[in-house]
Protein chains: 2
Amino acid sequence: MNASAQSHAAQGAFRALADPTRRDIVMFLSEQDMTIGEVVDRFDITRAAIKKHLIVLEDGGLISVHPIGRERVNRLEPLGFKSVNGWLNHFNHFWDDRMSKLATAVEKENLKKQHEKKK
Amino acid sequence: MNASAQSHAAQGAFRALADPTRRDIVMFLSEQDMTIGEVVDRFDITRAAIKKHLIVLEDGGLISVHPIGRERVNRLEPLGFKSVNGWLNHFNHFWDDRMSKLATAVEKENLKKQHEKKK
DNA sequence: TCCTTATGATACCTTATGGTATCTCTTTAT
DNA sequence: ATAAAGAGATACCATAAGGTATCATAAGGA
């Protein structure tokens with residue numbers, strides 16, 4: 001999968017992570033799975049607002065919802081995060097390449113200087 | 001730096017990456033540095049719109065701008081990406097932990113079954 | 001010098017987004 | 001059986017966000 005396709009696939013995830021409240025929710029969910037009510041208790045906004053955030057997170061593939069009785073447990077989903085990681089990874093390679101090229105250039109420069117010194 | 005502080009620091013970067021056009025711009029810039037005009041040539045939207053995107057990217061620390069004569073070259077900035085990577089890394093650890101715990105649990109379950117078989 | 005080119009800035013429009021308030025629907029417990 | 005608790009849906013509001021059109025500015029080149 002190329003980076004452009006990955007970007008398309010990760011759109012929902014990137015969108016979801018853009019909001020600080022949603023990133024906080026994700027942080028809480030990394031400590032333990034939670035029902036909506038439990039998430040709401042940790043914020044000062046209404047249940048409806050939290051619910052919307054959870055829908056965005058679910059659309060982005062970052063969480064999944066599991067009904068248990070009348071409750072619905074929200075759980076982190078690794079796959080959604082992987083799509084983001086995958087896209088970012090393209091740039092990690094990019095930095096590596098840039099650094100190694102820079103290192104090579106510096107090395108050549110040093111060799112050149114040493115050569116000139118000998119003259 | 002804890003994950004919450006990282007989240008705060010990375011807010012601009014996450015915000016910038018939420019838009020598909022900006023991610024595309026970033027992809028182009030990973031191939032080569034570009035002036036605004038060169039970026040504009042690769043899209044079907046106005047210069048003003050591109051300019052706004054570049055400002056958001058700069059605010060997010062994902063690019064830097066370097067004036068050369070009357071032109072302004074836009075260049076990717078690794079540090080901005082690192083802030084995003086840093087935040088995401090917290091969850092990579094999380095997956096690793098979860099997987100290892102799962103593996104341990106499965107292993108224990110297998111040992112238990114073997115033990116019961118012997119009976 | 002003067003015209004062209006690369007860029008910046010502002011005003012304005014439309015839609016998306018984050019939020020509240022309110023009502024309904026289920027499920028559990030008394 | 002009925003009240004309370006957990007969750008969902010919808011209407012509505014203010015602001016942010018992405019886009020265009022237009023005007024202003026500065027630097028190169030003929």
Side-chain angles (χ1 to χ4, degrees), chain A residues 4 7-8 10-29 32-76 80 84, chain B residues 4 7-8 10-29 32-76 80 84:
Chain A
S4 153
S7 181
H8 190 324
Q11 171 56 28
F14 274 113
R15 212 267 270 191
L17 291 178
D19 183 87
T21 300
R22 284 195 288 269
R23 288 203 306 284
D24 285 345
I25 291 176
V26 163
M27 289 298 303
F28 283 124
L29 289 181
Q32 61 175 100
D33 298 349
M34 289 182 184
T35 64
I36 294 192
E38 289 172 322
V39 176
V40 171
D41 289 343
R42 286 165 174 77
F43 292 87
D44 278 333
I45 56 180
T46 62
R47 173 183 239 86
I50 293 289
K51 170 65 177 167
K52 282 189 188 176
H53 283 311
L54 289 173
I55 289 175
V56 174
L57 287 168
E58 196 180 1
D59 287 348
L62 296 177
I63 69 172
S64 56
V65 187
H66 308 268
I68 297 185
R70 72 173 156 179
E71 300 189 338
R72 306 192 65 189
V73 176
N74 299 275
R75 179 182 308 157
L76 289 192
V84 175
Chain B
S4 154
S7 180
H8 191 301
Q11 171 57 29
F14 274 112
R15 212 265 269 188
L17 292 178
D19 183 87
T21 300
R22 284 195 287 269
R23 288 202 305 284
D24 286 345
I25 291 177
V26 163
M27 289 299 303
F28 283 124
L29 289 181
Q32 60 175 102
D33 297 349
M34 289 183 183
T35 64
I36 294 194
E38 290 172 320
V39 176
V40 171
D41 289 344
R42 286 163 173 80
F43 293 86
D44 279 333
I45 56 181
T46 61
R47 172 182 239 89
I50 293 289
K51 171 64 178 170
K52 283 189 187 176
H53 283 310
L54 290 174
I55 289 175
V56 173
L57 286 169
E58 195 180 1
D59 287 347
L62 297 178
I63 69 171
S64 56
V65 187
H66 307 267
I68 296 185
R70 69 172 159 179
E71 301 189 338
R72 307 194 63 190
V73 176
N74 299 275
R75 179 183 308 157
L76 289 192
V84 175

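Chain A is the first sequence line, chain B the second, and so forth, proteins listed ahead of strands; every chain is numbered from 1.
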Would you say [X]'s side chain and [Y]'s backbone share a donor-acceptor pair under 3.5 angstrom?
X: A/Asn74; Y: A/Met34; answer: yes
X: B/Gln11; Y: A/Ala18; answer: yes
X: A/Arg22; Y: A/Ala16; answer: yes
X: B/Arg42; Y: B/Glu38; answer: yes

Calculate the interatomic distance between [X] atom [atom1] and [N] atom [atom2]; express it in whole Å.
X: A/Ile50; N: C/dG18; atom1: CD1; atom2: C1'; answer: 11 Å
X: B/Ile68; N: C/dT7; atom1: CD1; atom2: C1'; answer: 14 Å
X: A/Leu54; N: C/dG18; atom1: CG; atom2: C1'; answer: 14 Å
X: A/Ile55; N: C/dT17; atom1: CD1; atom2: C1'; answer: 13 Å
X: A/Ile45; N: D/dA14; atom1: CD1; atom2: P; answer: 19 Å
X: B/Glu38; N: C/dA6; atom1: CD; atom2: P; answer: 10 Å
X: A/Phe14; N: C/dA16; atom1: CZ; atom2: C1'; answer: 20 Å
X: A/Gln11; N: C/dA16; atom1: CD; atom2: C1'; answer: 13 Å

> DNA chain C: A/Gly69 or B/Val73, which has the more 5' nearest nucleotide?
Replying inline: B/Val73
Choosing from [options], which nucleotide comes nearest the side chain of [X]?
X: B/Arg15; options: C/dA6, D/dA17, C/dG19; result: D/dA17
X: B/Lys52; options: D/dA7, C/dT20, D/dT20; result: D/dT20
X: A/Ile36; options: D/dG6, C/dG19, D/dG8; result: D/dG8
X: B/Arg72; options: C/dA6, D/dA21, C/dG8; result: C/dG8
X: A/Asp19; options: D/dG18, C/dT7, C/dG18; result: C/dG18

Any side-chain N or O of [X] below 4.0 angstrom from OP1/OP2 of [N]?
X: A/Thr46; N: C/dG19; answer: no
X: A/Thr35; N: D/dA7; answer: yes
X: B/Arg47; N: D/dG19; answer: no
X: B/His53; N: D/dG19; answer: yes

> So how far is it from B/Ile45 CD1 to B/Lys51 NZ, rounded to the nearest 0.5 Å?
Replying inline: 14.0 Å
> With nearest nucleotides of DNA chain D determined for B/Ala48 and A/Gly37 from heavy-atom distances, which residue corresponds to the more 5′ nucleotide?
Replying inline: A/Gly37
>> Is there a side-chain contact between B/Lys52 and B/Val56 in this structure, where contact means two heavy atoms from C-beta onward sitting under 4.5 Å apart?
In response: no
>> Counting the atoms with a prime plus P, OP1 and OP2 as sugar-phosphate, which does B/Lys51 contact under 4.0 Å by heavy atoms, base, sugar-phosphate, or nothing?
In response: sugar-phosphate
> Between the base of D/dA5 and the side chain of A/Arg70, is there a donor-acceptor distance below 3.5 Å?
Replying inline: yes
